[in-house]
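The structure under discussion appears below in the form of structure tokens.
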2 protein chains.
Amino acid sequence: MSEYFVGQIAEEVGINVETIRYYEKLKLLPKPKRRESRYRIYDETDLKRLSFIKRAKELGFTLKEIKELFGLKIDSDARCGDVKHLTEHKLKDVDNRISDLKKIRHVLVKLITQCVNEEVSSDECPILESIEI
Amino acid sequence: MSEYFVGQIAEEVGINVETIRYYEKLKLLPKPKRRESRYRIYDETDLKRLSFIKRAKELGFTLKEIKELFGLKIDSDARCGDVKHLTEHKLKDVDNRISDLKKIRHVLVKLITQCVNEEVSSDECPILESIEI
DNA sequence: CTTGACTCCGTACCATACTACGTGTATTAT
DNA sequence: ATAATACACGTAGTATGGTACGGAGTCAAG
């Protein structure tokens, strides 16, 4: 199992060293093992965790929400019913996001097709039709 | 066609009045018509636009990206090829977002199923398995 | 025709999520 | 062995996206 210093894992994931320390402070990352020199030691699990944080952020989750996602597991302390309830809530949220992204996707595809067919130009903004609330 | 003052449209969409002025400053909203009193007048198109901004933000688009999405249209100034290129780029991005959200979705569903079946508990964090970069 | 709610604008402040800086210690390449 | 990097830590600064404030003008119900 490979080990990393903070700079190496930062490089690997493509985020800043300072950001990793920041996530640790927010408890998005567990306290890492240390060398005697106090240097932090990371492993593959930390790498996965950081990659997840990075992408989830891009997908519109806040750091607080990401922390909640990490908490979704059936462990000795969490009752199954609680986890299930929370998870179902998250699932509904994710489904809504996917649904709305598909609406945006549909309009983008339509726009590309219009270009190909060299249809009439328009000063209207087609993206506005994508999401009706 | 119904018209709104800023407070009414803000109420309708569920955002702050100040935020609307802020979006106007950033040119996410066109300059609205005014009464002689200088009061801003909005219509249904503005309402759609604001709803879109609100949701797109929740889906992880920055205000800058949202502005770009609004710009995706075939008008008298934009050459079709340019728009097509840009739009294809956005489409790829949206597809990736949908794909990764589906991975997260899959893990959430699995977690709920585990609960139902009262399977073994674990101290592992299952969400970590959802996105492999 | 007044009173309360709404709007105007500029400016200042706020929360989230970083990012940089400085000082000191550790590691590593030559 | 020594110089260039890298890391530790605390603190301060930045960017984005709002949110609040205050004084003046506007609207509209009684």
Side-chain angles (χ1 to χ4, degrees), chain A residues 2-43 46-47 49-71 93 97 131, chain B residues 2-43 46-47 49-71 93 97 131:
Chain A
S2 38
E3 298 196 329
Y4 313 87
F5 285 152
V6 67
Q8 295 168 316
I9 201 171
E11 168 79 11
E12 202 76 23
V13 180
I15 64 179
N16 199 309
V17 166
E18 314 297 325
T19 305
I20 293 178
R21 292 209 308 121
Y22 175 66
Y23 288 164
E24 184 183 330
K25 207 167 70 185
L26 297 188
K27 304 191 179 186
L28 275 165
L29 287 177
K31 283 191 180 181
K33 286 187 300 185
R34 303 278 187 135
R35 282 273 178 82
E36 307 86 72
S37 60
R38 300 192 303 165
Y39 278 28
R40 291 168 174 81
I41 306 288
Y42 296 101
D43 62 19
D46 299 308
L47 200 146
R49 196 174 264 257
L50 282 169
S51 298
F52 180 85
I53 294 170
K54 194 185 178 199
R55 186 55 175 152
K57 234 164 25 70
E58 288 163 1
L59 295 173
F61 296 94
T62 64
L63 295 184
K64 198 174 156 223
E65 285 170 327
I66 293 168
K67 204 172 161 185
E68 281 168 23
L69 286 173
F70 284 140
D93 173 44
R97 286 175 200 242
I131 293 187
Chain B
S2 39
E3 297 195 329
Y4 312 86
F5 285 150
V6 66
Q8 296 169 314
I9 201 171
E11 168 79 11
E12 202 74 25
V13 180
I15 63 178
N16 199 308
V17 167
E18 313 297 326
T19 305
I20 293 178
R21 293 208 308 121
Y22 175 66
Y23 288 164
E24 184 182 330
K25 207 167 73 185
L26 297 188
K27 304 193 180 186
L28 275 165
L29 288 177
K31 282 189 181 182
K33 285 187 302 186
R34 303 276 188 137
R35 282 275 177 83
E36 308 85 74
S37 60
R38 300 193 301 166
Y39 278 27
R40 290 168 175 81
I41 306 289
Y42 295 101
D43 62 21
D46 298 308
L47 200 145
R49 197 175 262 258
L50 281 169
S51 299
F52 180 85
I53 294 171
K54 194 185 177 201
R55 187 54 176 152
K57 234 166 22 74
E58 289 163 359
L59 294 173
F61 295 95
T62 64
L63 295 184
K64 197 171 157 228
E65 285 171 328
I66 293 168
K67 204 171 162 185
E68 282 169 23
L69 285 173
F70 284 139
D93 173 42
R97 286 176 199 241
I131 293 185

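A, B, ... follow the sequence lines: proteins, then strands. Residue 1 opens every chain. Atom set for the values below is all heavy atoms of this structure, side chains included, hydrogens, waters and symmetry mates excluded. The structure displayed is predicted, hence computed values, not measured ones.
- A donor and an acceptor atom sit less than 3.5 Å apart, one in the side chain of B:Tyr39 and one in the base of C:dC6.
- Here the straight-line distance linking atom CZ of B:Phe61 with atom CD1 of B:Ile66 works out to 8.0 Å at 0.5 Å rounding.
- Residue order along DNA chain D, read from the 5' end via each residue's closest nucleotide, puts A:Arg40 first among A:Arg40 and A:Lys25.
- Heavy atoms from other residues, nucleotides or ligands lying under 6.0 Å from CD of B:Glu65 number more than 12.
- Taking the 5' to 3' direction, DNA chain D first and last meets chain B under 4.0 angstrom from a heavy atom at D:dG17 to D:dC27.
- In this view, B:Glu18 satisfies the side chain to side chain donor-acceptor pair (under 3.5 Å) rule with no residue, not counting sequence neighbours.
- Residues forming a side chain to side chain donor-acceptor pair (under 3.5 Å) with A:Asp93 (at least two apart in sequence, or on another chain): A:Arg97.
- Counting only distance, with no hydrogens or angles, the side chain of B:Lys33 and the backbone of B:Asp43 share no donor-acceptor pair below 3.5 Å.
- Among residues two or more places apart in sequence or in another chain, the side chain to side chain donor-acceptor pair (under 3.5 Å) test is passed with A:Arg49 by none.
- Not a single side chain to side chain donor-acceptor pair (under 3.5 Å) links A:Gln8 to another residue, sequence neighbours left out.
- Salt bridge annotation for B:Glu58-B:Arg55: present, with a cationic side-chain nitrogen under 4.0 angstrom from a carboxylate oxygen.
- Protein atom CZ of A:Phe5 is 13 Å distant from nucleotide atom C1' of C:dT25, rounded to whole Å.
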| query | Just by protein heavy atoms under 4.0 Å, how would nucleotides 12-24 of chain C read 5' to 3' in B, S and -? | reply | -----BBBBB---
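- Nucleotide C:dT7 holds its C1' atom 11 Å from the CD1 atom of B:Ile41, rounded to whole Å.
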